[in-house]
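Read through the structure below, which is laid out as structure tokens, and then see the notes.
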Amino acid sequence: MALAGCGESRPPAVPAINRWDLFASPALNNWRDAEMPGGGSFLRDAEGFTIKDGAPMTGIVYPGWIKDGLPVTDYAITYEAMRVSGSDFFGSVTFPVRDSATFVTFVLGGWGGAQVGISSIDGYDASENTTGSSQRFQTGVWYRVRIEVRSRELRVTLNGRPIILTNILGRTLSLRSGEIDKCVPFGFATYATTGKIRGCVIERIAPAGP
């Protein structure tokens with residue numbers, strides 16, 4: 001027999017979500033066309049998306065990032081991208097950093113096919129700031145990207161090899177002017193190029209030490 005006066009029972013705590021697979025149900029169904037002027041179409045398949053070439057850009061966006069409680073700092077983005085055709089960026093990703101009003105883009109294979117970097121830092125895009133570098137990309141080959149977003153720094157690896165480590169403390173972060181803002185708060189884009197994206201996973205990570 002239950003005893004009276006023992007207080008109300010509390011419902012079990014709901015565990016915090018620390019990992020999101022954005023290319024699996026139910027999140028998969030929440031992707032939308034970024035509606036860039038001159039944009040091409042996109043196709044969903046078993047692994048992710050094919051983003052077809054546009055005139056010049058095509059993008060897809062996950063508009064519910066903030067509403068769904070995904071993080072804006074101390075998190076990692078992991079995905080794979082392949083250039084199917086064309087010669088420019090094939091899997092650039094726009095994402096929040098610091099807060100829900102600040103965004104940057106990691107450019108993958110831009111400016112004629114080889115440029116990587118963060119756009120923009122202190123008003124300079126990936127071809128002009130210290131995060132930029134030239135990498136070799138082959139058509140029809142998958143490349144694995146991991147981006148770690150912390151309050152003080154951004155880290156990027158390409159196929160497990162570090163290519164960016166930059167301090168963002170006190171620096172101005174913004175998007176390059178143009179249609180890339182259609183990918184806010186989180187989205188992928190291609191430039192006059194068809195690309196495939198798969199395996200997009202978001203994970204909370206530990207804050208950097210002092």
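Reckoned from all heavy atoms, side chains included, excluding hydrogens, waters and symmetry mates.
One finds the CG atom of L173 at 11.5 Å from the OG atom of S119 (value rounded to the nearest 0.5 Å). Here D125 contributes atom CG and L175 contributes atom CG; the two are 11.5 Å apart, rounded to the nearest 0.5 Å. Atom CD1 of residue I197 and atom CD1 of residue I60 lie 7.0 Å apart, to the nearest 0.5 angstrom. Note that the CG atom of L169 and the CZ atom of R150 stand 14.5 Å from one another [nearest 0.5 Å]. Expressed to the nearest 0.5 Å, how far NZ of K196 lies from CD1 of I51 amounts to 10.5 Å. Separating the CE atom in M36 from the NZ atom in K182 is a distance of 8.5 Å, to the nearest 0.5 Å.
The closest side-chain donor-acceptor pair between T194 and K52, if any, does not fall under 3.5 angstrom.
Within the 4.5 Å cutoff, no side-chain heavy atoms of I121 are placed close to those of V104. D45 has its side chain out of reach of R198: every pair of non-hydrogen atoms, C-beta onward, lies at least 4.5 Å apart. The closest side-chain heavy-atom distance from D53 to T190 is not below 4.5 Å. In this structure, L158 and V156 have side chains that are not in contact, with every pair of non-hydrogen atoms separated by 4.5 Å or more. Annotation: side chain of V61 is in contact with side chain of P185 (closest heavy-atom distance under 4.5 Å). You'll find the side chain of L22 reaches within 4.5 Å of the side chain of W65, heavy atoms only. In this structure the side chain of V72 reaches within 4.5 angstrom of the side chain of I66, judged on heavy atoms. Side-chain atoms of F42 and T50, non-hydrogen and from C-beta on, never get closer than 4.5 Å to each other.
Side-chain heavy atoms closer than 4.5 Å link hydrophobic residues (I, L, V, M, F, W, Y) into clusters, and following such links, possibly through other members, connects V149 to Y62. In the hydrophobic clustering of this structure, I163 groups with I147; members are Ile, Leu, Val, Met, Phe, Trp, Tyr whose side-chain heavy atoms approach within less than 4.5 Å, directly or through other members. Hydrophobic clustering (side-chain heavy atoms under 4.5 Å, transitive across Ile, Leu, Val, Met, Phe, Trp, Tyr) keeps F103 apart from F106. When hydrophobic clusters are built by joining Ile, Leu, Val, Met, Phe, Trp and Tyr residues whose side-chain heavy atoms come closer than 4.5 Å, directly or via intermediates, I118 is grouped together with V93. Taken together through direct or relayed side-chain contacts under 4.5 Å among Ile, Leu, Val, Met, Phe, Trp and Tyr, F89 and I77 form parts of separate hydrophobic clusters.
G117 and A126 make their closest contact through C-CB, 3.5 Å (heavy atoms, listed as atom of the first residue, atom of the second, distance). Counting all heavy atoms, side chain and backbone alike, W142 lies closest to M82 at NE1-CE, 3.0 Å. Of all the heavy atoms in S151 and D74, the pair that sits closest is N-OD1, 4.3 Å. Across all their heavy atoms, Q115 and G132 have their closest contact at NE2-CA, 3.4 Å. Across all non-hydrogen atoms, the minimal contact from M57 to Y191 is CG-CD1, 3.4 Å. Residues L154 and F95 approach most closely at CD2-CE1, 4.3 Å, considering heavy atoms.
Separation of the W20 and F186 ring centroids does not fall under the 6.0 Å cut-off. Here the two rings, on Y143 and F137, have centers that are under 6.0 Å apart.
Of the possible donor and acceptor atoms, none in the side chain of R44 sits under 3.5 Å from a partner among the backbone N and O of W31. Checking side-chain atoms of T193 against main-chain N and O of G86 turns up no donor-acceptor pair under 3.5 Å. Judged by distance alone, the side chain of N129 and the main-chain N or O of Y124 form a donor-acceptor pair under 3.5 Å.
Between F23 and F188, the ring planes lie tilted relative to each other; the angle falls in the 30° to 60° range.
T166 pairs in a side chain to side chain donor-acceptor pair (under 3.5 Å) with only one of the listed residues (R171, R155, E153), which is R171.
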Inset, instruction - For the pair D68 and N30, evaluate side chain to side chain contact (heavy atoms under 4.5 Å, CB included) and give the outcome as yes or no after the intermediate values. - result: CA-CA 11 Å; D68 292 350; N30 295 333; 4.3 Å; yes
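Here E128 does not pair with R176 in a salt bridge; the nearest charged N to carboxylate O distance is not below 4.0 Å.
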